[in-house]
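Below you'll find the structure, written out as structure tokens, and then a few comments.
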2 protein chains.
Amino acid sequence: MKCHQSVSVNELKAFRHGIAAYVNFNDEEWDAVIPFLSSSTIKKKDHFAVNGEVCEHIGFIVEGSVRFYHLKDGAEITGYFCFENEFVSAYKSYLTQQPGITYIQALEETQLVLISYHNMQLMLKHPLLGYKMERFGRLVAEHYLCCYEDRVTSFILQTPEERYLQMLETNGAVLLRIPQHYVANFLGITPVSLSRIRRRTLVHS
Amino acid sequence: MKCHQSVSVNELKAFRHGIAAYVNFNDEEWDAVIPFLSSSTIKKKDHFAVNGEVCEHIGFIVEGSVRFYHLKDGAEITGYFCFENEFVSAYKSYLTQQPGITYIQALEETQLVLISYHNMQLMLKHPLLGYKMERFGRLVAEHYLCCYEDRVTSFILQTPEERYLQMLETNGAVLLRIPQHYVANFLGITPVSLSRIRRRTLVHS
DNA sequence: TAAAACCCTTATCTTTTGTTAACGTTTAAT
DNA sequence: ATTAAACGTTAACAAAAGATAAGGGTTTTA
């Protein structure tokens, strides 16, 4: 993954708008933040994170999408997707700075604003930025904690068929963007099984 | 759940030690923290959180244990457990201050140190405590994010049998403390199915 | 201490999922 | 433009899980 230090005006705008959901920086603070950011464009099928390596960055997707997957018995098992205006990282690897087990791959050409772990630590200790960056990190972690909580609950409480039907209702748009066998993995089943579920839940109009 | 404002010396010590994994407060800061804490002892089978209500507190378990469960079609489905020196809350409900769908029930008499949402917000804005409390909240959220990430991965990547065998290796002690049908729910299967898995994976010595 | 509630196992039957392979279609690569 | 790779569906069979019920043991509790 190539990073160039300078972030375009357009990317900065998208990023500032995206993080406004968590914390607002005034202009002085924002000027201090900018030098800690970098930018990257990942080509389709290139990787943001790979098994066995420390995930160096957290990224904000300005444009594009990625999928998370693992290798099991030589096969790729897709576990998650991220799209525009979402943060992406192999969180456990990034947060612990230990080698991870997650691959993150661009589903299409994907434009990212990046914060390296090192720069994040600098901002967290920065006299002007530290307090707000702590808050920012807390709120982002809390947000994704809630997402994961829902996801775990869906595995505990719902059958694969119920998970699929709920996904149709709440995330129907994703199904149009993502190959179906990735969705099957995401639901915790095989592609063949998802195909059967689709057939038996079809509304014959 | 009864709360009394004063926290015993013993509880304070356990709590301070427990959060030291995340952040250290000096004595001046600690004296400022104490008034924001409260304490509660929950009897076996009493609830820390229930469906439809906002979860008001995050708790630190000094002694005892709890289980998380949901109601589905009138049946209780257990999704998680917490033990001594862990934080416990219906996180999504607590963090968003919206009514939750999670029941949290004491598995035995359980002694907790509590932080109400309101007091947490006061500490986050407190001139002396704010920065460290933001950091504390961030690190706790990050820690549980990593836990949830592992848990989701286990549902994506492993069969129920593999999840059980891994739990035997990494959490064998839990199995001795928790009724087996709760463990089955935790693994995403029925108690009958777990009983079968146990039989077919038995090492006949 | 007796009754009730709870817990785990086992058996039977049904449903669902996994596995493998084949087929036609679409998409991508050369 | 042609070939190759990828994708979704379907079929057939095996394996696993769900549902239900029964039996025996333990723990609660009244």
Side-chain angles (χ1 to χ4, degrees), chain A residues 43-46 65 67 69-79 81 103 105-109 154-168 172 174-204, chain B residues 43-46 65 67 69-70 72-79 81 105-109 154-168 172 174-204:
Chain A
K43 289 206 177 67
K44 182 171 180 173
K45 294 197 180 173
D46 278 357
S65 54
R67 74 176 176 118
Y69 70 92
H70 294 82
L71 281 185
K72 180 172 190 191
D73 306 328
E76 298 179 358
I77 307 291
T78 298
F81 313 101
Y103 295 86
Q105 182 188 51
L107 287 165
E108 56 198 310
E109 179 156 313
S154 78
F155 282 110
I156 292 295
L157 235 50
Q158 298 182 298
T159 64
E161 180 171 321
E162 289 169 333
R163 285 199 292 279
Y164 168 70
L165 291 174
Q166 180 178 302
M167 189 171 178
L168 261 189
V174 169
L175 298 175
L176 302 174
R177 262 180 96 166
I178 299 290
Q180 187 172 308
H181 64 289
Y182 291 164
V183 174
N185 293 160
F186 176 83
L187 295 170
I189 57 179
T190 61
V192 174
S193 190
L194 176 55
S195 188
R196 284 188 290 234
I197 288 172
R198 281 164 54 84
R199 178 162 44 135
R200 70 173 183 251
T201 61
L202 253 186
V203 181
H204 300 283
Chain B
K43 287 207 178 67
K44 182 172 179 172
K45 294 195 181 176
D46 278 357
S65 53
R67 73 174 176 119
Y69 70 92
H70 295 82
K72 180 173 192 191
D73 306 329
E76 299 180 358
I77 307 290
T78 298
F81 313 101
Q105 182 187 50
L107 287 165
E108 56 198 308
E109 178 155 314
S154 78
F155 282 111
I156 291 294
L157 235 50
Q158 297 182 299
T159 64
E161 181 171 320
E162 289 169 332
R163 285 199 291 279
Y164 169 69
L165 292 174
Q166 179 179 303
M167 190 172 178
L168 262 189
V174 170
L175 298 175
L176 302 174
R177 260 180 98 167
I178 299 290
Q180 188 172 307
H181 64 290
Y182 292 164
V183 174
N185 294 160
F186 176 82
L187 295 170
I189 57 179
T190 61
V192 175
S193 190
L194 176 56
S195 188
R196 283 189 290 234
I197 288 172
R198 281 164 54 84
R199 180 166 40 139
R200 71 175 183 249
T201 61
L202 254 186
V203 181
H204 300 285

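The structure presented is a predicted model; accordingly, all values stated were derived computationally and were not measured. Residue numbers start from 1 in every chain, and the chains themselves are labelled A, B, ... in the order their sequence lines are given, proteins ahead of strands.
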Candidate nucleotides D:dA17, D:dT9, C:dC8, ranked by approach to the side chain of B:Pro160 - the nearest:
D:dA17
Provide, to the nearest angstrom, the distance between the CD atom belonging to B:Gln158 and the C1' atom belonging to C:dT17.
18 Å
A:Gln180 vs D:dT9: side-chain N/O to OP1/OP2 distance below 4.0 Å:
yes
A:Gln105 (side chain) donor-acceptor with A:Arg67 (main chain) under 3.5 angstrom
no
Between A:Arg198 and B:Gly188, the residue closer to the 5' end of DNA chain D by nearest nucleotide is A:Arg198
Length of the CG-C1' vector between A:Leu176 and D:dG8, whole Å:
15 Å
Please report the shortest heavy-atom distance between A:Tyr103 and A:His70, naming the atom on each side.
CD1-CA, 4.4 Å
Counting any heavy atom closer than 4.0 Å, what does B:Pro191 reach on the DNA or RNA strands: base, sugar-phosphate only, or nothing?
nothing
Can you name the nearest heavy-atom pair linking A:Glu162 to A:Gln158, along with the distance?
OE1-CA, 3.2 Å
Side-chain donor-acceptor pairs under 3.5 Å in residues 178-197 of chain A, sequence neighbours left out?
residue, atom, partner, partner atom, Å
A:Gln180, OE1, A:Arg198, NE, 3.2
A:Asn185, OD1, A:Thr78, N, 3.1
A:Thr190, OG1, A:Ser193, N, 3.2

Which whole-number value in Å describes the distance from B:Leu194 CG to D:dA19 P?
15 Å
Between A:Arg199 and D:dA11, does any side-chain N or O lie under 4.0 Å from OP1 or OP2?
yes
Reckon B:Thr190 touches a base, only the sugar-phosphate, or nothing at all at heavy-atom distances under 4.0 Å?
sugar-phosphate
Compare every heavy atom of B:Leu157 with every heavy atom of A:Lys72, then report the nearest pair and how far apart it is.
NZ-O, 2.7 Å
Compare the minimum distances between each of C:dT19, C:dT17, D:dG8 and the side chain of A:Val192, then state the nucleotide with the smallest one.
C:dT19
What integer distance in Å separates B:Asn185:CG from C:dC8:C1'?
14 Å
Nucleotide of D:dG18, C:dT17, C:dC8 approaching A:Arg200 most closely (side-chain heavy atoms):
C:dT17
Report the distance from atom CG of B:Leu175 to atom C1' of C:dC8, rounded to the nearest whole Å.
14 Å
Between C1' on C:dT17 and CG on A:Leu187, what's the gap in Å once rounded to a whole number?
14 Å
Mind calculating the distance between CG (B:Leu202) and P (C:dC8) to the nearest angstrom?
15 Å
Base of D:dG18, side chain of B:Arg196 - is there a donor-acceptor contact under 3.5 Å?
yes
Please determine, for the side chain of B:His181, which listed nucleotide (D:dT29, D:dA19, C:dC7) has the closest atom?
C:dC7
Side chain of A:Ser195 only, heavy atoms from C-beta on: which candidate in D:dT9, D:dA11, D:dA19 is closest?
D:dT9
Pick base, sugar-phosphate or nothing for A:Lys44, based on heavy-atom distances below 4.0 Å to the nucleic acid.
sugar-phosphate
Between OH of A:Tyr182 and P of D:dA6 the distance, given in whole Å, is 9 Å
